[in-house]
*Asks:* 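The structure follows.
Side chains are part of it too, since the values below use all heavy atoms of this structure and drop only hydrogens, waters and symmetry mates.
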Amino acid sequence: MGDFNRSVIFDAIRRAPEGRSRVELVEISGLSTQTVSNIARWLLDQELVVEAGKERAGIGKPRTLLRLNRTGMFAVGVHIDPAVMTFVVLDLVGGVVAHSRRRTPKANRPERVMALIHDGIEQLIADSAVPRDKIVGVGVAAPGPIDQERGTIVDPPHLVDWHRVPLRDALETSTGLPVLVDKDVTAAAVAETWAGGASGAGSFVFVYLGTGVGAGLVMHDELMRGVSGNAGEVGHIITDPDGPVCWCGQRGCVAVTCTPQAMVEEAERAEVIAETRHAGSLLRDARDVDAQFTRLCRAAEGGDAAAGDILNRAAERTARAVAVLTNVLDVDRVVFGGPMWQRVSERYLERIPPHLDAFSATGALRRVPVVGTGVGDDVGAIGAACLVLEHTFTPSAARLLLGH
């Protein structure tokens, strides 16, 4: 209970960048004045918060504000995309202290990838000049599904031969740091709550556009993981009943209509962009898809009508899938992000909202706002580091249960 109360107070301070007084924390938490005072002292002693000036509230002495200490603690985040690996060191308020990227090697060699992840972590920590004893842990975001209990990656569609790869244990052994492994879409949603500003408050669906398409869900400021921790697999929502056949046996799923690979292959068939030697491969090299997707987007930006039509159709299909989620979940907003997002952001933010309005079950009551991430392109890696901070500091009902 003590740990839970501390996390409640810490979270209340975190959500107010300008700081909160002890009186406010009593009102917000419902805890006694003495309990809040004791917790505040503990947080100050641990250098997790600092006193940040005074505020005057009516008659009486000015109140001392408590604010997070940016340098009180740090976390490392790693995002494994089949095309590129991103590394960050994050401070306690979600600011990026150090950053690097490496091309993902041939993804069907997990040992090679894990060795490069270890090297990337160690190099970034050294470059950041952050004391190692101030790093609370490493978060790794990867394509799902994930076995969270064992810290393994289980047969993700875009990482060939990654069958129950023991990523957590391998990295804990090699780095000597605690490691958390989670889905990339989950990490992205957590990043939005920690560092996204207004877009990360309340209830929202985070639509992740990377090598694949997924969704993270936050309801009333709390991440929804699902029973196995793999909520957000949206690849088989049907967006076009007359669309291509998916490997699941259905036609027109998100996986074959809305992903960058689906758009690239449509463009190659229409000779909008030239085919590469990988064209038509079910397990196509992610780096090739990345390069071809960039060519497609540049063609559309340059005025190629056929390229623009392909992206516009993908936007409408994506809106259909998102409408399924917003109709079921009734959220405050939809947030888009991910490593492929920036290339289509302007077009999608223009075209998806009217389609979403048309497909919305509650259109007569309200519009569902659609925004881009407030975190930036590295939302997966930032989210991975935020997962470590969230696990350490964010209150959860599970903390009140025995055995947690």
*Asks:* Checking the side chain of N327 only, and the main-chain atoms of A323 only, is there a donor and an acceptor separated by less than 3.5 Å?
*Replies:*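 Yes; at least one donor-acceptor contact below 3.5 Å.
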*Asks:* Ignoring hydrogens and geometry, is there a side-chain-to-backbone donor-acceptor pair from N230 to S228 under 3.5 Å?
*Replies:*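 Present.
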*Asks:* In terms of side-chain geometry, is the basic nitrogen of R164 or D147 positioned less than 4.0 Å from the acidic oxygen of its partner?
*Replies:*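 Answer for the salt bridge query: yes.
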*Asks:* Which pair of non-hydrogen atoms, one from G235 and one from C253, has the smallest distance, and what is that distance?
*Replies:*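 Nearest pair, atom of G235 first, then C253: O-CB, 3.3 Å.
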*Asks:* Which pair of non-hydrogen atoms, one from A195 and one from G94, has the smallest distance, and what is that distance?
*Replies:*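 Smallest heavy-atom distance, with atoms named: CB-O, 4.0 Å.
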*Asks:* Quick check: does any side chain N or O of S174 sit under 3.5 Å from a backbone N or O of A170, one acting as donor and the other as acceptor?
*Replies:*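 Judged by distance alone, yes, a pair lies under 3.5 Å.
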*Asks:* Output yes when a side-chain donor or acceptor of D184 lies under 3.5 Å from a complementary backbone atom of A141, and no otherwise.
*Replies:*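 Side chain of D184 to backbone of A141: no pair is present.
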*Asks:* State, without any angle test, whether D288 and Q292 hold a side-chain donor-acceptor pair at a distance under 3.5 Å.
*Replies:*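 Not at all, the side chains of D288 and Q292 share no donor-acceptor pair under 3.5 Å.
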*Asks:* Between R320 (side chain only) and F359 (backbone N and O only), is there a donor and an acceptor less than 3.5 Å apart?
*Replies:*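 Answer holds: no.
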*Asks:* Is the shortest side-chain heavy-atom distance between V84 and R102 below 4.5 Å?
*Replies:*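 The answer is no, as the side chains (C-beta and beyond) never meet within the 4.5 Å cut-off.
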*Asks:* Evaluate the side-chain proximity of V335 to V207: yes if any heavy-atom separation is below 4.5 Å, no if none is.
*Replies:*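 V207 vs V335: side chains apart.
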*Asks:* State whether R225 and D182 are salt-bridged, where the test is any N-O pair (Lys NZ or Arg NE/NH1/NH2 against Asp/Glu carboxylate O) under 4.0 Å.
*Replies:*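 So R225 pairs with D182 through a salt bridge.
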*Asks:* Apply salt bridge (charged side-chain N to carboxylate O under 4.0 Å, His left out) to residues R366 and D330 and explain how you reach the verdict.
*Replies:* CA-CA 11 Å; R366 67 184 189 102; D330 195 24; 3.1 Å; yes
*Asks:* If you measure from the Lys or Arg side-chain nitrogens to the Asp or Glu carboxylate oxygens, is any gap between K183 and E233 under 4.0 Å?
*Replies:*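 Here K183 pairs with E233 in a salt bridge, since their nearest N and O are under 4.0 Å apart.
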*Asks:* Give a yes or no on this: more than 12 heavy atoms of other residues, nucleotides or ligands lie within 6.0 Å of atom CD of E18.
*Replies:*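 Enclosed.
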*Asks:* Got L389 and L387 here, is their nearest side-chain heavy-atom distance under 4.5 Å?
*Replies:*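 The answer is no; the side chains never approach within 4.5 Å.
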*Asks:* To the nearest 0.5 Å, how far apart are CG in D11 and OG1 in T193?
*Replies:*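 The distance works out to 8.5 Å.
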*Asks:* Looking at every heavy atom in both L311 and Y348, which two are closest together, and how far apart are they?
*Replies:*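 Looks like O-CE1, 3.9 Å.
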*Asks:* Tell me whether R317 is salt-bridged to E266, with the criterion being a basic N under 4.0 Å from an acidic carboxylate O.
*Replies:*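 So R317 pairs with E266 through a salt bridge.
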*Asks:* Can you confirm whether I135 sits close enough to L177 that some side-chain heavy atom of one is under 4.5 Å from a side-chain heavy atom of the other?
*Replies:*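 Yes - at least one pair of side-chain heavy atoms lies under 4.5 Å apart.
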*Asks:* With no hydrogens and no angle check, just 3.5 Å: does a side-chain donor-acceptor pair link E122 and T175?
*Replies:*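 No, no side-chain donor-acceptor pair sits under 3.5 Å.
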*Asks:* Quick one: do E47 and K134 satisfy salt bridge (charged side-chain N to carboxylate O under 4.0 Å, His left out)? Show the steps, please.
*Replies:* CA-CA 11 Å; E47 299 183 344; K134 286 232 174 186; 3.6 Å; yes
*Asks:* Around R367, counting heavy atoms of other residues, nucleotides and ligands shown, do more than 12 lie under 6.0 Å from its CZ?
*Replies:*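 Atom CZ in R367 is not packed in, count stays at 12 or less.
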*Asks:* To the nearest 0.5 Å, how far apart are OG in S360 and CG in L365?
*Replies:*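 The OG atom of S360 sits 8.5 Å away from the CG atom of L365.
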*Asks:* Decide yes or no on side chain to side chain contact (heavy atoms under 4.5 Å, CB included) for I146 and I153, but give the supporting numbers first.
*Replies:* CA-CA 5 Å; I146 301 290; I153 299 178; 3.8 Å; yes
*Asks:* Can you classify the ring geometry of F336 versus W341 as parallel (below 30°), tilted (30 to 60°) or perpendicular (above 60°)?
*Replies:*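 Geometry flag for W341 against F336: parallel rings.
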*Asks:* As an exercise, state the distance from OG of S37 to CG of L31, rounded to the nearest 0.5 Å.
*Replies:*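 Interatomic distance, S37 OG to L31 CG, rounded to 0.5 Å: 12.0 Å.
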*Asks:* State, yes or no, whether a side-chain contact exists between F74 and L92 at a heavy-atom distance under 4.5 Å.
*Replies:*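 F74 does not reach L92 side chain to side chain.
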*Asks:* Mark yes or no for whether Q261, through its side chain, and D285, through its backbone, hold a donor-acceptor pair below 3.5 Å.
*Replies:*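 Flag not set: sc Q261 to bb D285 has no pair under 3.5 Å.
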*Asks:* Is there a donor-acceptor pair closer than 3.5 Å between any side-chain N or O of S128 and the backbone N or O of V89?
*Replies:*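 Absent.
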*Asks:* Do NZ/NE/NH1/NH2 and the carboxylate oxygens of E346 and R351 come within less than 4.0 Å?
*Replies:*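 The answer is no: the pair does not qualify as a salt bridge.
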*Asks:* For a side chain to side chain contact (heavy atoms under 4.5 Å, CB included) check, start with the C-alpha distance between D332 and F204, then their side-chain angles and the critical distance, and finish with the verdict.
*Replies:* CA-CA 6 Å; D332 294 319; F204 63 92; 5.6 Å; no
*Asks:* Working to the nearest 0.5 angstrom, can you tell me the gap between I382 CD1 and L90 CG?
*Replies:*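 I382 CD1 to L90 CG: 6.0 Å, rounded to 0.5 Å.
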*Asks:* So, are R343 and D290 salt-bridged, with charged N and O less than 4.0 Å apart?
*Replies:*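 So R343 pairs with D290 through a salt bridge.
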*Asks:* Calculate, to the nearest 0.5 Å, the distance between atoms CZ and CG belonging to F87 and D119 respectively.
*Replies:*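 Between atom CZ of F87 and atom CG of D119 there are 8.5 Å.
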*Asks:* Given side chains that start at C-beta, do those of C297 and V344 come closer than 4.5 Å, heavy atoms only?
*Replies:*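 In short, these two side chains touch, coming nearer than 4.5 Å.
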*Asks:* Would D155 and W162 count as a side chain to side chain contact (heavy atoms under 4.5 Å, CB included) here? Give the steps.
*Replies:* CA-CA 5 Å; D155 298 321; W162 281 58; over 6 Å; no
*Asks:* Report yes or no: do H79 and D378 form a side-chain donor-acceptor pair below 3.5 Å?
*Replies:*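 No, D378 and H79 have no side-chain donor paired with an acceptor closer than 3.5 Å.
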*Asks:* Does Q123 reach the main-chain N or O of G120 with its side chain, forming a donor-acceptor pair under 3.5 Å?
*Replies:*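 Such a contact is absent between Q123 side chain and G120 backbone.
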*Asks:* Between V234 and A215, what is the shortest heavy-atom contact and its length?
*Replies:*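 Reported closest heavy-atom pair: CG1-CB, 3.9 Å.
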*Asks:* Does the side chain of I13 come within less than 4.5 Å of L68's, by heavy atoms?
*Replies:*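 They are in contact (side-chain heavy atoms under 4.5 Å apart), so the answer is yes.
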*Asks:* Would you say T294 and I273 make side-chain contact, with heavy atoms under 4.5 Å?
*Replies:*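 They are not in side-chain contact.
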*Asks:* Which value, rounded to the nearest 0.5 Å, describes the distance between R22 atom CZ and R41 atom CZ?
*Replies:*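 Going from CZ on R22 over to CZ on R41, the span is 6.5 Å.
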*Asks:* For a quick check under 3.5 Å, do D240 and T257 share a side-chain donor-acceptor pair by atom type?
*Replies:*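 Looking only at side-chain atoms, T257 and D240 do not form any donor-acceptor pair under 3.5 Å.
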*Asks:* Return the minimal non-hydrogen interatomic distance between S199 and E192, and the atom names on each side.
*Replies:*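 Scanning both residues completely, I find the closest heavy atoms to be OG-OE2, 2.5 Å.
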*Asks:* Could you check whether any side-chain N or O of T152 sits under 3.5 Å from a backbone N or O of Q148, counting only pairs where one atom can act as donor and the other as acceptor?
*Replies:*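 Looks like no, no N/O pair under 3.5 Å.
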*Asks:* For the residue pair Q342 / S345, report whether a side-chain donor-acceptor contact shorter than 3.5 Å exists.
*Replies:*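 Short answer, yes.
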*Asks:* Passes side chain to side chain contact (heavy atoms under 4.5 Å, CB included), L171 versus V140? Steps please.
*Replies:* CA-CA 10 Å; L171 289 179; V140 182; 3.7 Å; yes
*Asks:* Between R168 and E149, is there a donor-acceptor pair closer than 3.5 Å when you use the side chain of the first and the backbone of the second?
*Replies:*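 Indeed, once roles are kept as given, a pair shorter than 3.5 Å links the two residues.
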*Asks:* If you look at every heavy atom in R333 and V368, which pair is closest and at what distance?
*Replies:*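 Smallest heavy-atom distance, with atoms named: CA-CG1, 4.0 Å.
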